[in-house]
Amino acid sequence: MTLAEPTSDVRVRFSPAPTGYLHVGSARSALFNWMYAARTEGTMILRVEDTDADRSQDELVQAIRDSLGWLGIDWHEEYRQSDRFDLYRAAAQDFVDRGLAYYCDCSQEDVKARIEAKGESGGYDSFCRDRGLGPAENTVVRFRTPTEGTTSYDDLIRGTVSFENDTLEDFVIVRSSGVPLFHVANAYDDLDMGITHVVRGEDLVNTVPRVLLLRQAMLGSSVFADREGLAEAPVFAHLPLIVNEQRKKLSKRRDDVSVGEFADRGFLPEAMRNYLLTLGWGPRDEGDEIRPIDELVPQFDLADINKAPAFFDIKKLEHFNGEYIRALPLDDFLTRVAPFVAEIDSGLFERMAPFVQGRLKRLDEAPSFLDWVVGDPREPEEKDWRKTMTKEKDRVPEVLDLVIERLADCPWEPEALEKAVFGVGEELGTKTQLPVRMALSGSRSGIPLFEPMVELDRDVVLDRLRAARAKV
RNA sequence: GCCCCCAUCGUUCAGUGGCCUAGGACACCUGCCUUUCACGCAGGCAACACGGGUUCGAAUCCCGUUGGGGGUGCCA
């Protein structure tokens, strides 16, 4: 499903920084925003927060858009913060004019040295607060934070969260390069774009007091003076983090979790999206968790989201994926799996597809089921070989001999092959499939035996059987 | 160090004072089905971190302890 034309006042935004590919954590933030927009028929906004020119890359913006699209996450409006620097700069200038912000020329080393000399901890020490500096080289603009009182807000997921203002430092809002920083841009845009709900990762909670202070200050500026209905701050909902097995926040560097890679590994977007949704949230009706998105949207609510971090369990994702793969109509399956089986003759694959489909957890596993049909049998595991071929060693040679004999002139079609192979078993009073399967494929498991078998030439089959016979 | 947050089976979701001898799903184990595997079906294992309160009654409310995480940038 895609988002409908908005009919409510709800406005949410997903605001990624294009400093890497979309990873599962941000994808989940995007998804929860999207779910809320879908449920409330609100407006979904994609806002690219590329204020850090050094780390932002243009091509990543498109990559992120692609990954969102792959997941079926769409949006109504799109903005780039780099297009809006003048707006943020003006807001910062306005703060300076009104005495809410000031210039500071301290280097990071200076600050650090002073703090250490005083034996204190923390970041900036408000050194330039009252020095009355003007704009100059290597000078930043800092926001003057209150020294007393508390800033608190109600989080839809966490309840009331409050911060003592004196723990807030005078943070930088404009770099010495003149480019505004995240906090101003974020506060300005949320205000300007009329964002009603801020849904994002828990790692952003402690930016809330800063953003709120900035918002309040902006409300006092002439830019927003005449705007109606802005006074109310957005509702915040901070999503629990998604963590790895060490219970640490998923990180791109060590955890290998970009959405694009999941696509490459043969995960279905519907499965991915469905799984992501169950991390920190469950359907209200306590029904099955694997369900089409449009059944889930109506019961979605931000207030129902869990507080505790959730482990990203690839095994469970694979289970979801397997279910979705099995549910695919055959021709749909064929289309989706095509990129993963490009090496295999398409006629052959299409004939084998019904047997492969039900056994996959990921689409990229498809070729492994046909390797022995397309090429040589795999080198059997020592343990498996022994178990299959020598455990009942008096029978296997007989079985193989007789199978070779029967197959020499039997009609080359599945039913006939099955009859021949099983017939040997009946004659000898033993099972025959496993030794034959092992001889042909090098494995004890796989797709049904006789259909792929006819895809091989009779000589090839007989050669493999003889080779196995020689080994037992 | 300082600030903020979190705490139910191995994992995940449910449970918002009595329906809980705590439920579902994944994983794992055992059967059944099947001359392979997978699917399916039937079972099994397995948790309210600890200590104090409040209450007739606490997984659910309060306090503390412990443990874990996030933040602490001229990143977002």
Side-chain angles (χ1 to χ4, degrees), chain A residues 15-20 26 49-52 54-56 81 104 106-108 119-124 138-142 155 157-159 161-164 166-169 171-183 185-186 200-209 238 240-241 243 245-249 275 278-290 304 306-320 322-323 326 355-361 369 388 418 421-422 425-426 430-438 441 443-449:
Chain A
S15 17
T19 56
S26 349
E49 306 217 326
D50 55 350
T51 52
D52 185 349
D54 292 340
R55 296 201 310 149
S56 297
Q81 288 190 327
C104 165
C106 298
S107 70
Q108 293 181 76
E120 289 173 1
S121 67
Y124 185 62
N138 295 323
T139 298
V140 300
V141 178
R142 288 183 183 272
D155 195 298
I157 297 170
R158 267 141 235 287
V161 182
S162 50
F163 299 82
E164 297 298 324
D166 63 3
T167 64
L168 266 27
E169 287 156 10
F171 55 96
V172 176
I173 55 176
V174 183
R175 296 172 168 89
S176 52
S177 66
V179 177
L181 267 103
F182 157 72
H183 299 289
N186 192 271
R200 25 115 94 148
E202 192 196 345
D203 50 345
L204 273 328
V205 231
N206 45 25
T207 71
V208 174
H238 286 93
L241 263 13
V243 298
E245 43 280 277
Q246 278 82 241
R247 297 254 127 210
K248 304 253 195 242
K249 175 170 116 171
Y275 175 66
T278 66
L279 253 27
W281 182 79
R284 271 223 148 147
D285 61 9
E286 294 183 39
D288 202 339
E289 46 185 6
I290 300 183
D304 293 337
N306 256 41
K307 298 182 222 245
F311 169 60
F312 187 80
D313 187 353
I314 196 86
K315 282 239 181 99
K316 189 150 183 180
L317 206 211
E318 286 183 338
H319 170 78
F320 273 53
E323 296 265 313
R326 279 193 291 281
F355 309 115
V356 173
Q357 182 179 7
R359 272 159 255 260
L360 296 179
K361 283 197 162 69
F369 283 92
T388 316
E418 176 169 344
V421 172
F422 285 178
E426 275 158 35
T430 184
K431 290 183 180 177
T432 55
Q433 179 174 172
L434 239 19
V436 173
R437 177 181 287 280
M438 179 54 82
S441 75
S443 167
R444 287 173 60 84
S445 63
I447 57 174
L449 188 56

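Order of the sequence lines sets the chain letters (A, B, ...), proteins ahead of strands, with each chain counted from 1. Just so it is clear, the values below take in all heavy atoms, side chains as well, and ignore hydrogens, waters and symmetry mates.
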- Expressed as a whole number of Å, how far does the C1' atom of C45(B) sit from that of A22(B)? 16 Å
- Message: From CH2 of W281(A) over to P of A25(B), roughly how many Å is that when rounded to an integer?
- Response: 18 Å
- Task: Check whether any side-chain N or O of N306(A) sits under 4.0 Å from OP1 or OP2 of C6(B), and answer yes or no.
- Result: no
- The ring pair (Phe, Tyr, Trp, His ring centres under 6.0 Å) partners of F312(A) (sequence neighbours excluded) come to F262(A), Y275(A)
- Heavy atoms under 4.0 Å, any strand shown: does F311(A) hit a base, just sugar-phosphate, or nothing? sugar-phosphate
- When rounded to whole Å, the CD to C1' distance for the pair E289(A) and C26(B) reads 8 Å
- Sorted by chain and number, sequence neighbours left out, side-chain hydrogen bond (donor to acceptor under 3.5 Å, both in side chains) with T51(A) holds for none
Under 3.5 Å, which N/O atoms of the protein pair with N/O atoms of nucleotides 31-33 of chain B?
none

- Go ahead and name the base partner of U66(B); Watson-Crick or wobble counts if both distances stay under 3.5 Å, otherwise write none. A7(B)
- Task: Please state how far atom CZ in R284(A) lies from atom C1' in G24(B), giving the value in whole angstrom units.
- Result: 18 Å
- Message: Could you tell me how far G18(B) sits from A25(B) if I compare only their C1' atoms? Round to whole Å.
- Response: 27 Å
- In B/S/- notation (B base, S sugar-phosphate only, - none; protein heavy atoms under 4.0 Å), nucleotides 68-76 of chain B written 5' to 3' is -SBS-SBBB
- Task: Starting from P on U11(B), measure out to CG on D313(A) and report it in whole angstrom.
- Result: 10 Å
- Taking protein heavy atoms under 4.0 Å as touching, what does nucleotides 39-48 of chain B look like 5' to 3' if B marks base contact, S marks sugar-phosphate-only contact and - marks none? SS--------
- Message: I need the CG-C1' distance between D288(A) and U12(B), as an integer number of Å.
- Response: 14 Å
- Compare all side-chain heavy atoms of I290(A) with those of H319(A) and state whether any distance is below 4.5 angstrom. yes
- Task: Could you check which nucleotide pairs with A58(B) in any of the strands shown, counting Watson-Crick or G-U wobble with both distances under 3.5 Å?
- Result: none
- Query: F320(A) CZ to C13(B) P: how many Å, rounded?
  - Reply: 11 Å
- Message: With a 3.5 Å limit on both atom pairs, tell me what C74(B) is paired to, counting Watson-Crick and G-U wobble, or say none.
- Response: none
- Message: Let's go through V161(A) and H238(A) carefully: what are the C-alpha distance in whole Å and the side-chain angles of both, what is the deciding distance for side-chain contact (heavy atoms from CB on, under 4.5 Å) to 0.1 Å, and is it a yes or a no?
- Response: CA-CA 11 Å; V161(A) 182; H238(A) 286 93; over 6 Å; no
- Note on the structure: Minimal heavy-atom distance between A310(A) and G280(A), with the atoms involved, is CB-N, 4.5 Å
- Task: Record whether the side chain of R158(A) comes under 3.5 Å of the base of C5(B) through a donor-acceptor pair of N or O atoms.
- Result: no
- Item | Counterpart residues, side-chain hydrogen bond (donor to acceptor under 3.5 Å, both in side chains), relative to D304(A) (two or more places apart) | R284(A)
- Task: In whole angstrom, give me the gap between the P atoms of U12(B) and G70(B).
- Result: 15 Å
- Name all residues meeting the ring pair (Phe, Tyr, Trp, His ring centres under 6.0 Å) criterion together with F422(A); count only those two or more places apart in sequence or in a different chain, and write none if there are none. F450(A)
- Query: With a non-hydrogen cut-off below 4.0 angstrom, is G322(A) in contact with a base, only sugar-phosphate, or nothing?
  - Reply: nothing
- Hits for side-chain contact (heavy atoms from CB on, under 4.5 Å) against Q108(A), two or more places apart or cross-chain, chain-then-number order -> none
- Query: If we take the C1' atom in both U72(B) and A27(B), what is their distance in whole Å?
  - Reply: 38 Å
- Message: Holding to side-chain hydrogen bond (donor to acceptor under 3.5 Å, both in side chains), I want the full list of residues that pass it with E323(A), two or more places apart in sequence or in another chain.
- Response: R326(A)
- Mind checking L434(A) for me? I need base, sugar-phosphate or nothing, with any heavy atom below 4.0 Å counting as a touch. sugar-phosphate
- Message: Suppose you measure atom P in C74(B) against the same atom in U11(B); what distance do you get, rounded to whole Å?
- Response: 38 Å
- With rounding to whole Å, what would you report as the distance between U30(B) and A38(B) at their P atoms? 12 Å
- Query: Rounding to a whole Å, what distance do you find between K316(A):NZ and C28(B):P?
  - Reply: 13 Å
- Message: With rounding to the closest Å, how many angstrom separate the C1' atoms on G73(B) and C3(B)?
- Response: 16 Å
- Message: Taking pairing as Watson-Crick or G-U wobble with both contacts under 3.5 Å, can you name the mate of U30(B), or confirm there isn't one?
- Response: A42(B)
- Query: side-chain contact (heavy atoms from CB on, under 4.5 Å) with D203(A): which residues, sequence neighbours excluded?
  - Reply: L241(A), K249(A)
- Item | Under 3.5 Å: donor-acceptor pair, side chain of R359(A), backbone of I447(A) | no
- Note on the structure: Any strand, both distances under 3.5 Å, Watson-Crick or G-U wobble: C20(B) pairs with none
- Query: A47(B) and C20(B): how far apart are their C1' atoms, nearest whole angstrom?
  - Reply: 13 Å
- Please name all residues satisfying ring pair (Phe, Tyr, Trp, His ring centres under 6.0 Å) with H183(A), sequence neighbours left out, ordered by chain then number. F171(A)
- Note on the structure: Of T432(A) and E164(A), the one whose closest nucleotide on RNA chain B sits nearer the 5' end is E164(A)
- Task: Kindly give the heavy-atom pair with the smallest separation between V172(A) and L181(A), and that separation in Å.
- Result: CG1-CD1, 3.7 Å
- Those residues at least two apart in sequence (or on a different chain) that pass side-chain hydrogen bond (donor to acceptor under 3.5 Å, both in side chains) with R55(A) are D52(A)
- Within this structure, what is the CD-to-P distance between E245(A) and G10(B), rounded to whole angstrom? 17 Å
